[in-house]
2 protein chains.
Amino acid sequence: MNENQYHHGDLKKELIVQGIKLMNDVGLEKFSLRKVATMCGVSHAAPYKHFENKQTLIQAMNVYINDSFVNTMKQVVESYVDDPLTQIIELGKTYVSFMVENPDYFHYLFIGNFRFEIQISESSVCECENSYDIFRESAVAALMYLNRPKEEFTEDIIAMWAMVHGLTTMLVTQTIKKEDGYLNLVDSILRTKLSFFNVI
Amino acid sequence: MNENQYHHGDLKKELIVQGIKLMNDVGLEKFSLRKVATMCGVSHAAPYKHFENKQTLIQAMNVYINDSFVNTMKQVVESYVDDPLTQIIELGKTYVSFMVENPDYFHYLFIGNFRFEIQISESSVCECENSYDIFRESAVAALMYLNRPKEEFTEDIIAMWAMVHGLTTMLVTQTIKKEDGYLNLVDSILRTKLSFFNVI
DNA sequence: TACCAATGTTAACACTGTAAACATATTTGA
DNA sequence: TCAAATATGTTTACAGTGTTAACATTGGTA
């Protein structure tokens, strides 16, 4: 396709990419469709050929980020298929570090899941819709490995995910300071929980 | 003061109250200063005599809600001054149930702390600025009561708060379903953690 | 090649945040 | 007591926004 073309090529995707960039720069409050359009070198009404409205674009941005998050998680799962305990711990670390390193993504996923309908990517190859499902699946494997009673699975999994997500929140919102060894905290907390299972 | 008066009486406070109401109804995206002004029966520029801009009003709404949350927490603390273990557990339950019953408040505090500067209420009588401080203080008492090693306080407190906040998040975002006995979950998770301390 | 759907532009609208100039009420102090 | 100062409200104006409708251009396809 040409350089100075009337048609853009893949405007839909660039709207998402530039949209995320803009959101990072100016925040939700000052995020505007017209700015995104300008960033893509396109008239302010062009986005409406690809998205119903502003909310729909933001949703698409959410899906885009969620996919990238989910894929990162899946990679970790695949790296430790034969070691359930290490797997769930590394998964926890990845969960936390991904969000700490991309605090804006935390906003999107969070705010997005709140304010708008949750929408699942169709393009995603992943059979798990979201990060919680991946985490849960890994947790189940670890609990089975530890011969935990099945009737307590639910509570154990919730406790573990809650710790990981809660810790993430504290770090991203700077309720606690992000020191160099913050990942050891994840390790330690999850390991305590897991070894607690083991001892009993 | 008169009924059909030129001056409103206490516009500043009503802007906050109506602002919260509007935010509950339409969400952040459609929240507008002009609507709030209309709800207060006042011209669209009147709010600028009380708040610098839209963000400042939203901040004030955050502070208002945070105060109400903190006060609720403080009441619990006072109800169990002589029983540190029950206190921290009840505090956890209150934390969760307050947010589950007021999911919009969860948004405000969360988004507010993210998007804008954290601003502490001047009017609050409470010496603790935020809910985390209250939770931490209570947790410290419980840990001392259990004779936990002081060098592990930090990690223990983080683990407990993370669980409570993480669980709250799961319930509010409906990652897990809010069943009738959801508060027992808080009880159970925290109690497990605390009795774990005790056993060792 | 001629049409058609896809994708872009331009123009228009109502609504928004914000500022400036103006109006009225309340407080203050000689 | 009552004018002046201050606090609080209104009106007007403007640039930026989301969204729609009418129009223009392109690329693919019958």
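Order of the sequence lines sets the chain letters (A, B, ...), proteins ahead of strands, with each chain counted from 1.
- Distance Tyr48(B) OH to dA21(C) C1': 16 Å, rounded to the nearest Å.
- A sub-4.0 Å separation between OP1 or OP2 of dT17(D) and a side-chain N or O of Lys35(A) is present.
- Picking from dG18(D), dT10(C), dA13(D) the nucleotide with the shortest atom distance to the side chain of Arg34(B) gives dA13(D).
- No side-chain donor from either of Ser79(B) and Glu90(B) sits under 3.5 Å from a side-chain acceptor of the other.
- Taking atom NZ of Lys49(A) as the reference point, atom C1' of dT25(D) lies 12 Å away to the nearest angstrom.
- Out of dT18(C), dT7(C), dT9(C), the shortest distance to the side chain of Asn53(B) is found at dT18(C).
- Here the C1' atom of nucleotide dT19(D) and the CZ atom of Phe51(A) are 16 Å apart, to the nearest Å.
- Rounding to whole angstrom units, CG of residue Leu33(B) and P of dA19(C) are separated by 11 Å.
- Between Lys54(A) and dG18(D) there is a side-chain N or O to OP1 or OP2 distance below 4.0 Å.
- Rounding to whole angstrom units, CE of residue Met39(A) and C1' of dT17(D) are separated by 17 Å.
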Could you give me the CA-CA distance, side-chain angles and deciding distance for Asp10(A) and Lys13(A), then say whether salt bridge (Lys or Arg N to Asp or Glu O under 4.0 Å) is met? CA-CA 6 Å; Asp10(A) 194 356; Lys13(A) 180 165 183 186; 6.0 Å; no

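- For CD of Glu151(A), the number of neighbouring non-hydrogen atoms (other residues, nucleotides, ligands) closer than 6.0 Å is greater than 12.
- Rounding to whole angstrom units, CD of residue Glu29(A) and C1' of dT17(D) are separated by 13 Å.
- Residue Lys30(B) places no side-chain N or O under 4.0 Å from the OP1 or OP2 atom of dC15(C).
- Aromatic pair Phe69(A)/Phe98(A): centroids less than 6.0 angstrom apart.
- Asp10(A) places its CG atom 16 Å from the P atom of dA6(C), with the value rounded to the nearest Å.
- Here Ser32(B) reaches the OP1 or OP2 of dT16(C): one of its side-chain N or O atoms lies under 4.0 Å away.
- Leu22(A) has its side chain within reach of Met39(A): a pair of non-hydrogen atoms, C-beta onward, lies under 4.5 Å apart.
- Distance His44(B) NE2 to dT8(D) P: 19 Å, rounded to the nearest Å.
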